[in-house]
Amino acid sequence: MAAAAFAARHPLLKAAADNLLFLAKIGAFVHVFNSYVAEVTMCMGPSMLPTFNMMGDFVLIDKATPRLWPVTLGDVVVATSLTSPDRIVCKRITGMENDLICVDPSVPINQREYLRVPRGHVWLSGDNMSNSTDSRNYGPVPMALVKGKVTARIWPEPKWIVNGIEQAKLERMVQQRELEEASRRP
């Protein structure tokens with residue numbers, strides 16, 4: 001009763017309180033949405049060239065789907081950096097748990113080291129291997145540090161981000177069918 005009487009005597013304070021409550025609700029919604037559903041963020045650095053530009057690509061990160069279905073080999077993900085936990089890195093999954101990985105394929109064959117990805121971990125690599133700090137430097141990444149899957153570049157030049165390995169398999173199948181068809185022709 002006292003609150004209603006106060007609101008009747010001070011309509012400007014009531015309106016301000018209502019607006020503040022509305023803003024708090026919107027802030028809570030945005031926080032929950034960004035934390036658990038999806039987020040738009042800027043991707044910077046040379047490690048994911050040519051998939052992303054060096055500066056200023058805005059990407060959509062799906063945070064809900066990886067909670068329901070596991071990420072797979074070839075997916076582009078964001079993860080907490082092992083070397084700087086206050087930073088987020090954007091890399092491609094090039095090894096899943098129990099995969100045998102060549103630590104650094106850029107070194108001569110006789111100097112290559114191989115590693116089995118431990119259970120509950122992934123191997124992350126930048127698409128631009130000549131200029132990327134990734135699992136070759138810090139080792140396998142725990143799945144708990146993978147925060148989401150990059151599904152699209154929003155700006156500039158919007159496009160869906162496809163699984164690079166699945167795309168390569170599809171292109172290889174198409175080429176193989178074309179060769180088979182060509183060999184059947186007289």
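Note that the structure is predicted; figures quoted are calculated from it, not measured.
- How far CG of L49 is from CG of D57: 9.0 Å, rounded to the nearest 0.5 Å.
- Nearest heavy atoms, N53 versus P156: ND2-CG, 3.9 Å.
- Every residue two or more places apart in sequence or in another chain that forms a side chain to side chain donor-acceptor pair (under 3.5 Å) with D75 is listed here: T72, N163.
- Between the CE atom of M143 and the CD1 atom of I93 there is a distance of 6.0 Å, given to the nearest 0.5 Å.
- Proximity of L82 to P142: side-chain heavy atoms (C-beta onward) are separated by under 4.5 Å at one or more points.
- Atom CD1 of residue I101 and atom CZ of residue R112 lie 13.0 Å apart, to the nearest 0.5 angstrom.
- A donor atom on one side chain and an acceptor atom on the other are found under 3.5 Å apart for T51 and D127.
- Within 6.0 Å of CE in M129 there are more than 12 heavy atoms belonging to other residues, nucleotides or ligands.
- In terms of heavy atoms, V89 sits closest to Y138 at CG2-OH, 4.2 Å.
- Scored by the side chain to side chain donor-acceptor pair (under 3.5 Å) test, N131 finds no partners at all (sequence neighbours excluded).
- Of all the heavy atoms in S135 and V141, the pair that sits closest is OG-CG2, 3.9 Å.
- By the neighbour-count criterion of 12 heavy atoms within 6.0 Å, atom CG of L21 is densely surrounded, having more than that number from other residues, nucleotides or ligands.
- Judged by distance alone, the side chain of R136 and the main-chain N or O of V103 form no donor-acceptor pair under 3.5 Å.
- Counting heavy atoms from C-beta outward, L73 and D99 have side chains that approach closer than 4.5 Å.
- Taking K149 as the reference, nothing meets the side chain to side chain donor-acceptor pair (under 3.5 Å) condition, with sequence neighbours excluded.
- Membership of the apolar cluster around I161 extends to M48, F52, V59, I61, V76, V78, I88, V150, as traced through chained side-chain contacts below 4.5 Å between ILVMFWY residues.
- When every heavy atom of P66 is checked against every heavy atom of V71, the shortest pair comes out as CB-CG1, 4.1 Å.
- Counting only N and O atoms by type, the side chains of S106 and D104 include a donor and acceptor under 3.5 Å apart.
- Open room surrounds CD on E113; 12 or fewer heavy atoms of other groups in view lie less than 6.0 Å from it.
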When the side chains of residues 118-125 are checked against the rest of the protein, which donor-acceptor pairs come out under 3.5 Å, sequence neighbours left out?
residue, atom, partner, partner atom, Å
H121, ND1, R119, O, 2.9
S125, OG, T94, OG1, 2.9

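- Here the closest heavy-atom approach between residue T80 and residue K147 is recorded as OG1-CE, 3.1 Å.
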Just list the side-chain donor-acceptor pairs under 3.5 Å for residues 22-47, sequence neighbours left out, or say none.
residue, atom, partner, partner atom, Å
S35, OG, H31, O, 2.9
E39, OE1, K63, NZ, 2.5
S47, OG, K91, NZ, 3.0

